[in-house]
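Some notes on the structure that comes next.
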Amino acid sequence: MMELVCPAGNLPSLKAAVDQGADAVYIGFKDETNARNFAGLNFNSRNIERGIEYAHQRGTRVFAAINTFPQPNGWHRWTDAVDLAAESGIDAVILADLGLLEYAAQRWPEMNLHLSVQGSATNYESIDFLHRTFGISRAVIPRVLSAAQVRHLAEHSPIPLELFGFGSLCVMVEGRCLLSSYATGRSPNTYGACSPGSHVEWIERPDGGTETRLGGILVDRFEANEAAGYPTICKGRFEVEGKEGYAIEEPTSLNTLELLPEMMSMGIGAVKIEGRQRSPAYVAQVTQVWREAIDRCQRDPEGFQVEPRWNAALSKVAEGAQTTLGAYQRTWQ
Amino acid sequence: MEQNRQPSELTNRPQLPPFLSAPLQLVPDLIHTQLLVRVLNHLFKQPLQEGELDFLESRTAVIRLLDGGVEFRFTKGRKKLVAHSGSSSVDLAISGNLYDFIQLSLGKEDPDTLFFQRRIRLEGDVELGLEIKNLLYGLELDSLTMPTPLRKLVRGAVDHYQNRITTP
């Protein structure tokens, strides 16, 4: 049984995911304790309880991502977040920091602990250690591994794995990326955003094009008829050795629908959809497609074929309006 | 990796026929805006009372309907949203065509999708833009005081129009 885990940045998105058949919804709180720390987004103590109640009445579980890395002067904000999640009746917390894993395991021994993608576990020895030490019951796997490596991991892991199925991609040095610190002085790992709104500028040009700056640094110029991406350093176009282009990564979205039968044969426990920063409309559209696809694949994995309308619906909402199989299809590392 | 290294070109940009959007230009912007803020104040009665729009105080946002050739400048006064008539600088500008704004306001399209497709443009204080975006999508429709018949009517009209666009 493969679980569908969907994102929610607010209550209407959570409801949209539940209504469209998500098995679990993951959320974050209104501060830097999660990796989607944007103005006006996320849950407070009041609506987290309403969200959990709505989901539980319909048989859907709710996870809380507390997946940034606490700094010495802010430790209690992170433990408060774990406490709030536990006291609200959350079904699992998604953690990356070892100290926080230790705190949660000691303070809330009954609570399910998931290792966040930010925790960057890419070998089963690491997963096994975290399982034995803190009792983690699931690990979200970084998007750097090829399908063959994921299979190897799944064969040896003592706990179920969760894989990213769809959503915006990053350079995938998960939990270790410092690119935005260079431009903004803030790191996604500690502050929870690669491109804090206060550091982003979009400047319209007379010819209809747009210039994007992050922390004053020019990261891209879009012509009037070019698709845009998020304003991060990694997705910018730069001049390198006289050639202009996407030097690090291009704006693109992961879409692994066609790998569903393979993921099921590996015994993958859950597939995760990216996008807590997106609207209820996105959550509803993407959840609907993936629910249908997973159900179809579960009934008949051998005969499974991706419907063109599924890919069309996903491409429409994708960043950069193009999708890729990411590292899963790589034959090299 | 087999990937398309070129930025994708955008082709499909649905628009309402000019006879629907053009007449907007016949009325001065301030009149539109006064009408709009009355509607918004009615819709956002509860969030306004709870202080959820306080971040707009002393800041000016402008919504530009490109095909309609009109713009709405507004800010938040002490108690509610007010039309901003002055020509002082704006903190945030959101521009797009009427059709896309209708899609957004009905929750039928995702704002980031329309941004990627360059159908909605954002200029100025991006933090303010995120706050407005996330406020709008965080509100539950039940908490908005929109009469159900009106909501059904608008949704029905857009569905009808959308079908005509997608199935020629």
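Proteins come first, then strands; the chains are lettered A, B, ... in the order of their sequence lines, and each starts at number 1. Everything quoted here is computed from the prediction, not taken from an experiment.
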Do B:Asp112 and A:Glu319 touch side chain to side chain, with heavy atoms closer than 4.5 Å? no
Output the option from B:Thr113, B:Asn134, B:Leu135, B:Leu114 having the highest count of non-hydrogen pairs under 4.5 Å with chain A. B:Asn134
B:Arg38 atom CZ: more than 12 heavy-atom contacts under 6.0 Å: no
I'd like to check the ring pair (Phe, Tyr, Trp, His ring centres under 6.0 Å) partners of A:Tyr230; sequence neighbours left out, ordered by chain and number. B:Phe116
All heavy atoms of B:Arg121 vs all of A:Gly209, minimum pair found to be NH1-O, 4.4 Å
Picking from A:Pro196, A:Gly275, A:Gly208, A:Gly9, which has the most non-hydrogen pairs under 4.5 angstrom with chain B? A:Gly208
Count the heavy atoms belonging to other residues, nucleotides or ligands that lie under 6.0 Å from NZ of A:Lys30, then report whether that count exceeds 12. yes
Please find the pair of heavy atoms, one from A:Glu223 and one from B:Arg118, that lie closest to each other, and give the distance. O-NH1, 2.6 Å
Restricting to pairs with a member in residues 209-218 of chain A, which pass salt bridge (charged side-chain N to carboxylate O under 4.0 Å, His left out), not counting sequence neighbours? A:Glu211-A:Arg213, A:Glu211-A:Arg221
With a 4.5 angstrom heavy-atom cut-off, is it the side chain or the backbone of A:Gln285 that approaches chain B, or both, or neither? side chain
For A:Pro231, is it the side chain, the backbone, both or neither that has a heavy atom under 4.5 Å from a heavy atom of chain B? neither
Against chain B, work out which of A:Ile203, A:Leu14, A:Thr210, A:Asn42 has the most heavy-atom pairs shorter than 4.5 Å and name it. A:Thr210
Taking heavy atoms only and a threshold strictly under 4.5 Å, list by residue number the residues of residues 47-57 of chain A that touch chain B; give 'none' if the list is empty. A:Arg50
A:Arg309 atom CZ, neighbour heavy-atom count above 12 within 6.0 Å: yes
Checking an interface table here. Which of residues 122-133 of chain B come within a heavy-atom distance under 4.5 Å of chain A? B:Leu122, B:Glu123, B:Gly124, B:Val126, B:Glu127, B:Leu130, B:Glu131, B:Lys133
Side chains of B:Tyr137 and A:Tyr282: does their closest heavy-atom pair fall under 4.5 Å? no
For the student: nearest non-hydrogen atoms of A:Ala281 and B:Gly107, plus distance: CB-O, 3.3 Å
